[in-house]
Amino acid sequence: RSVVGSVQEGRGFAFRRKQKIERQYRKLLKKRRQVHSQQDDQFTDSYPEHLKHLYLAEEEKLKKRRRTPDDLVSSEEKLNKAADFVLEMRHHCTVLPPDGDENTAKFFIFFSVTQEKFKNKTSNQKAKEEYEKIKAEHARKREEAEKRKQQREEAQRLYKKKKMEAYKILSKKTKKGQPNLNLQVEFLLQKIQQNT
């Protein structure tokens with residue numbers, strides 16, 4: 001006779017407990033692996049193949065913009081130097097106000113520098129502009145196609161109307177059921193007059 005709680009009787013409590021603990025352990029290992037893989041992915045550059053050239057170009061541009069160690073003068077000092085230069089050359093600049101206040105000079109220098117930064121378009125801005133151009137082109141083509149379709153329909157309608165009028169005239173009969181030759185001759189005469 002088997003013992004109560006044995007696997008043979010289908011009541012292997014210890015066996016079930018062991019399986020449960022193994023499952024939990026495997027689950028924990030799986031979670032740890034996922035966390036590590038996410039952290040690894042965070043610091044590696046894995047770009048989509050069709051956009052790789054854009055990302056690499058952007059990366060090169062950023063590397064060029066990075067400052068060299070000897071160029072680490074504070075931005076405040078640079079701003080002051082630029083303001084002093086502008087104040088000296090004030091009579092040549094049309095941007096500055098006539099009173100020549102230093103704060104306004106700093107503001108105008110800052111404003112001109114930021115304007116230069118925004119002149120260079122990012123790849124996203126270029127793509128948006130390209131998209132807008134294509135969209136406008138499609139809209140223009142659609143309108144042209146719609147106009148051509150309307151003109152064609154109008155021409156067909158006029159053609160059918162003329163054809164129907166000619167059919168009515170040519171299909172008229174006399175009281176005896178014979179074709180009315182007088183109307184046919186008049187129709188032909190009108191046609192000849194229109195052509196000449």
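As the structure is a prediction and not an experimental result, all values here were calculated from the model. The residues of the chain are indexed from 1 along the displayed sequence.
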Subject >> Closest heavy-atom pair and its distance - L170, Q184 >> reply: O-NE2, 3.3 Å
**OP:** Working to the nearest 0.5 Å, report the span between CD of E186 and CG of L181.
**Re:** 11.5 Å
Original post:
Are R157 and E154 ion-paired here, with the side-chain N under 4.0 Å from a carboxylate O?
Top reply: yes
Original post:
Roughly how far, to the nearest 0.5 Å, is the CD atom of E58 from the CD atom of E60?
Top reply: 11.0 Å
Subject >> K173, NZ atom: more than 12 neighbouring heavy atoms under 6.0 Å >> reply: yes
Original post:
What's the spacing between Q150 CD and K147 NZ if we round to 0.5 Å?
Top reply: 9.0 Å
**OP:** For residues H50 and H53, report the shortest heavy-atom separation together with the two atoms involved.
**Re:** O-CE1, 3.3 Å
Original post:
Does a side-chain heavy-atom distance below 4.5 Å link E22 with K18?
Top reply: yes
**OP:** Nearest 0.5 Å please: distance from the CZ atom of R26 over to the CD1 atom of I21.
**Re:** 12.0 Å
**OP:** Could you tell me the separation between the CD1 atom of I134 and the CD atom of E137, rounded to the nearest 0.5 Å?
**Re:** 9.5 Å
Original post:
Do E132 and K135 sit within salt-bridge range, that is, some charged N less than 4.0 Å from a carboxylate O?
Top reply: no
Original post:
With distance as the sole test, does E143 use its side chain to make a donor-acceptor pair with the main-chain N or O of R140 at under 3.5 Å?
Top reply: no
**OP:** Measure across T174 and N180 and return the closest heavy-atom pair with its distance rounded to 0.1 Å.
**Re:** CG2-CA, 4.3 Å
Original post:
Atom CG of L54 and atom NZ of K126: how far apart are they, to the nearest 0.5 Å?
Top reply: 9.5 Å
**OP:** May I ask you to test the L29-Y25 pair for a side-chain heavy-atom distance under 4.5 Å?
**Re:** yes
